[in-house]
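Structure first, then comments.
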Amino acid sequence: MKKIALISTPWPLFNRPSIQLGSLKTFLRKRLPQIEVNNLHFYLNIAYRIGYELYSKISESTWLSEPVYAAILYPEKRGHIEKLWKRYARRILKKKVDFYQICELVEEESLHILESIDWSKYFLVGLSCCFSQLTSSLYFIKEIKKRSSKIKIVIGGSSCSEDMGKSLIQNLEEIDFVIQGEGELPLSYLVSCLIEGKEVGDFPGILSKSNCDLFGVSQINNLDKLPIPDYSDYFIQAERISSKRPFQIKLPMEISRGCWWGRCRFCNLNIQWRGYRSKSKERVISEIRTLIERHQILSISFMDNLIPPNSKEIFVELSKIKKDLSLFAEIRANTPLDLLIWMGKAGMNEIQVGVEALSSRLLKKMNKGTTAIQNIEIMKNCEAKGMPKIAGNLILEFPGSDEEDVKETLNNLDFVFPFYPLKGISFWLGYGSFVWNNPGMFFIRKTGNHSNYSYI
């Protein structure tokens, strides 16, 4: 049986299996039962080696996580890269951590992972590259190619969208293919071509060395037809680790893909999607039942950019399961109170709410479609007994904000003082966002890669 490996490198949340790998594995096995798919969660090994707490802190920041493998990739720049690390480590880690020691531990464990696998048995290796996985992905790609030059390498994920994916395949000889957008259809086509010995032709969502200008995506129209993700490989790996150092696992799940609002001017989370799609109520309930029975775990994190607006019936049905579920989801600030109540009854312990600002003027500039009073209202509602705990951000330094926005914000902060606090997040210019594409509207004179990338 021909084999492929799908890899997720550091630094995702270690206590959660990769939904990307789990979804791709089941889809490939359904379409191509003649192949074997091994999902490899390398981040589990690294989390165990350096410690769960430190790993979690590093994974929270791009400028702590990306420098580690950058220093391993480019040892001659390690001193320069350390300057970037220290700048953020002081504020985030809140204790002294030796950068060189972390790099040595991570490199030692990474080499151990690489040497423990017989790469000659795989004809294709795929890597999921999302937040804070760029330098770690590049490291493992280069090392795998050293060990087996015949292996074809494909990379996909949000960090490969549009020009970013084109740049990767043009500048890195070790990468053979890049997948843009959803991976199921392009990857199954690619695998079919390789096992049949056919040339990989033009297919929406696939970039190759011979055609790196093929922008476009291939999407699943009916999400109900997707098989339930297979997390078995993660649990096998986690069991080896957790027997020595236990941790609580949360299951990722998706109800929808894309964003039904999709108009926030700072957001770039949806550039890999084309439109919004969601699963039926029946499929969602069935999938949750299957996952909790299969893995005997009641904690589920919905990975949706936004829970569907018509999801009340889903949570009404979940409340009837009579299981002590622990759920997490992302919602909008204008979510109706009755939906919030049913979420709480179903087991929604925490919600990430798109607050972003406490100034209606500023929210309008962001095109949030919400007002300050709606943000204050949902913060108040989430303080009630049986309601989910709220997490939310205040975007600081939004381009185009002015003194009136600040004045309104400071005034409204007095009203939310008794509620669970928001987290201040400095504005960052997201590639592909409305602000990125229209910098002049927001008084931005320069766009491009963040200057921190020059360190790494």
Between [Y] and [X], does any NZ, NE, NH1 or NH2 come within less than 4.0 Å of an OD or OE carboxylate oxygen?
X: E53; Y: R245; result: no
X: R29; Y: D230; result: no
X: R257; Y: E182; result: yes
X: E287; Y: K279; result: yes

For [X] against [Y], the heavy-atom pair lying closest together:
X: Q237; Y: L40; result: OE1-CA, 3.8 Å
X: S18; Y: Y231; result: O-CE2, 3.7 Å
X: F203; Y: P186; result: CE2-CA, 3.7 Å
X: A372; Y: N412; result: CB-ND2, 3.7 Å
X: Y122; Y: A5; result: CD2-N, 3.6 Å
X: Q133; Y: S137; result: O-OG, 2.6 Å

Per-pair distances, 0.1 Å, donor-acceptor, side chain in residues 315-324, under 3.5 Å, sequence neighbours excluded:
unit_1 : atom_1 : unit_2 : atom_2 : d
E317   : OE2    : K320   : NZ     : 3.3
S319   : OG     : V316   : O      : 2.5

| field | Atom NZ of K152: over 12 foreign heavy atoms under 6.0 Å | value | no
Is the centre of the [X] ring less than 6.0 Å from the centre of the [Y] ring?
X: Y48; Y: Y55; result: no
X: F302; Y: F328; result: no
X: F266; Y: F427; result: no
X: Y453; Y: W63; result: yes

| said: Angle between ring planes, F140 versus F42, binned at 30° and 60°: parallel, tilted or perpendicular? | reply: tilted
| said: Below 30° counts as parallel, above 60° as perpendicular, anything between as tilted: where do the rings of Y234 and Y43 land? | reply: tilted
For the side chain of [X] and the backbone of [Y], is there at least one donor-acceptor N/O pair under 3.5 Å apart?
X: H295; Y: I297; value: no
X: T26; Y: S23; value: yes
X: R274; Y: I271; value: yes
X: E36; Y: I4; value: no
X: D304; Y: A329; value: no
X: R265; Y: K365; value: yes
X: D233; Y: N39; value: yes

State whether a side-chain donor-acceptor pair under 3.5 Å links [X] with [Y].
X: E184; Y: S218; answer: no
X: Y431; Y: N437; answer: no
X: N305; Y: N270; answer: yes
X: N334; Y: T370; answer: no
X: N221; Y: Q219; answer: no
X: S158; Y: Q272; answer: no
X: S136; Y: T9; answer: yes

I'd like a table of donor-acceptor pairs (distance under 3.5 Å, sequence neighbours excluded) in which one partner is a side-chain atom from residues 379-390, with atom names and distances.
unit_1 : atom_1 : unit_2 : atom_2 : d
N381   : ND2    : E377   : O      : 3.4
E383   : OE2    : Y420   : N      : 2.7
K389   : NZ     : Y420   : OH     : 3.2

| note | Value for OH (Y276) from CH2 (W260), rounded to nearest 0.5 Å, stands at 8.0 Å
| message | Taking salt bridge (charged side-chain N to carboxylate O under 4.0 Å, His left out) as the cut-off, I'd like each qualifying pair that reaches into residues 134-148, sequence neighbours left out, listed once. | response | E115-R147, K142-E174, E143-K146, E143-R147, K145-D176
